[in-house]
Amino acid sequence: MFSKSKINDPAAKPATPEPEKTVPSAPTSAPKSDFTASAPKPKAPPSTLSTDLTITGNLKTTGDIQVEGNVEGDIRAHLLTVGETAVIKGEIIADDIVVNGRVIGRVRGLKVRLTSTARVEGDIIHKTIAIESGAHFEGSVQRQDDPLNSGAGKTPMPTPKAQAAAEAGKS
């Protein structure tokens, strides 16, 4: 009727728990994002220099700049927009330049546009240009295939030897 429990029986081997078997889990990967290495970066808004800002010094960026204040120095950017209230005294170099305000200095760009409110005093070196009716411009305009080249618009000085040969050929 009743049987003796085997727990206290010295002849019975104590039950040892079997080690748990572990199953290797699949490698976890980071969640995929919407952006891949080949996707372009989201475009950043342009840096804006407000009307109450005056900068003395050069500005350089690979991004876009919108100037509404005053800059005394050179500016290099991808897209440069000179606002109606802006005054820039220096050279401006950009892939794309839109002038609504005043520029005193050389303008170098692949695509240059002077709007009807533009006031430019200086030379313009460009690949393509558009000048709206009403724009004021005083200087020279020169078309070049690579206007962003730092040597653009500068004629090389002849060497003394080349200059002597040229003058000898005149006589």
Side-chain angles (χ1 to χ4, degrees), residues 32-171:
K32 294 191 178 199
S33 68
D34 294 339
F35 298 103
T36 61
S38 62
K41 292 181 185 177
K43 185 166 169 118
S47 298
T48 303
L49 306 177
S50 66
T51 56
D52 63 341
L53 187 62
T54 298
I55 293 184
T56 303
N58 299 334
L59 302 173
K60 185 176 181 181
T61 181
T62 57
D64 303 344
I65 299 179
Q66 180 170 342
V67 178
E68 298 294 338
N70 299 316
V71 176
E72 291 187 28
D74 300 340
I75 301 175
R76 185 172 190 117
H78 173 260
L79 166 64
L80 175 63
T81 304
V82 180
E84 286 188 35
T85 59
V87 177
I88 298 175
K89 294 180 181 178
E91 182 176 37
I92 58 177
I93 304 167
D95 294 334
D96 199 352
I97 300 171
V98 178
V99 181
N100 299 302
R102 186 169 183 198
V103 177
I104 302 167
R106 184 184 302 189
V107 176
R108 292 187 0 217
L110 294 174
K111 184 176 165 186
V112 177
R113 184 173 140 217
L114 306 184
T115 66
S116 61
T117 58
R119 307 288 179 262
V120 177
E121 299 173 34
D123 299 337
I124 298 176
I125 301 167
H126 65 89
K127 188 168 184 179
T128 62
I129 190 166
I131 302 176
E132 293 181 3
S133 178
H136 289 218
F137 169 62
E138 189 175 323
S140 68
V141 178
Q142 182 180 2
R143 187 203 177 283
Q144 289 187 355
D145 286 331
D146 186 15
L148 303 181
N149 182 357
S150 62
K154 297 179 182 176
T155 54
M157 293 291 292
T159 62
K161 191 182 231 184
Q163 191 172 6
E167 293 195 15
K170 289 181 184 176
S171 46

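All residue numbers in this chain count up from 1 along the given sequence.
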Point to revise | Residue that, paired with L114, satisfies side-chain contact (heavy atoms from CB on, under 4.5 Å) out of V98, V82, V99, I97 | key: V99

Hey, could you give me the [atom1]/[atom2] distance between [X] and [Y], rounded to the nearest 0.5 Å?
{"X": "E121", "Y": "R102", "atom1": "CD", "atom2": "CZ", "answer": "4.5 Å"}
{"X": "F137", "Y": "R119", "atom1": "CZ", "atom2": "CZ", "answer": "13.5 Å"}
{"X": "I88", "Y": "L49", "atom1": "CD1", "atom2": "CG", "answer": "8.5 Å"}
{"X": "D123", "Y": "R108", "atom1": "CG", "atom2": "CZ", "answer": "11.5 Å"}
{"X": "I92", "Y": "I104", "atom1": "CD1", "atom2": "CD1", "answer": "11.5 Å"}
{"X": "N100", "Y": "R113", "atom1": "CG", "atom2": "CZ", "answer": "7.0 Å"}

Exercise for review: Grab the two heavy atoms, one from E84 and one from T117, that are nearest each other, plus how far apart they are.
Suggested key: CG-OG1, 3.6 Å

Study note, to complete from the structure: D145 and K127 have their tightest heavy-atom pair at O-CD, 3.7 Å

**Study point:** Side-chain heavy atoms of H126 within contact of Q144, under 4.5 Å
**Key:** no

Check your understanding: Under 3.5 Å, side chain of E132 to main-chain N/O of S116, donor-acceptor pair present?
Key -> yes

Exercise answer: donor-acceptor pairs, residues 58-69 side-chain atoms, under 3.5 Å, sequence neighbours excluded:
unit_1, atom_1, unit_2, atom_2, d
N58, OD1, D74, N, 2.8
T61, OG1, G63, N, 2.9
D64, OD1, H78, ND1, 3.2
D64, OD1, L79, N, 3.4
D64, OD2, K43, NZ, 3.1
Q66, NE2, E68, OE2, 2.8
E68, OE1, T85, OG1, 3.3

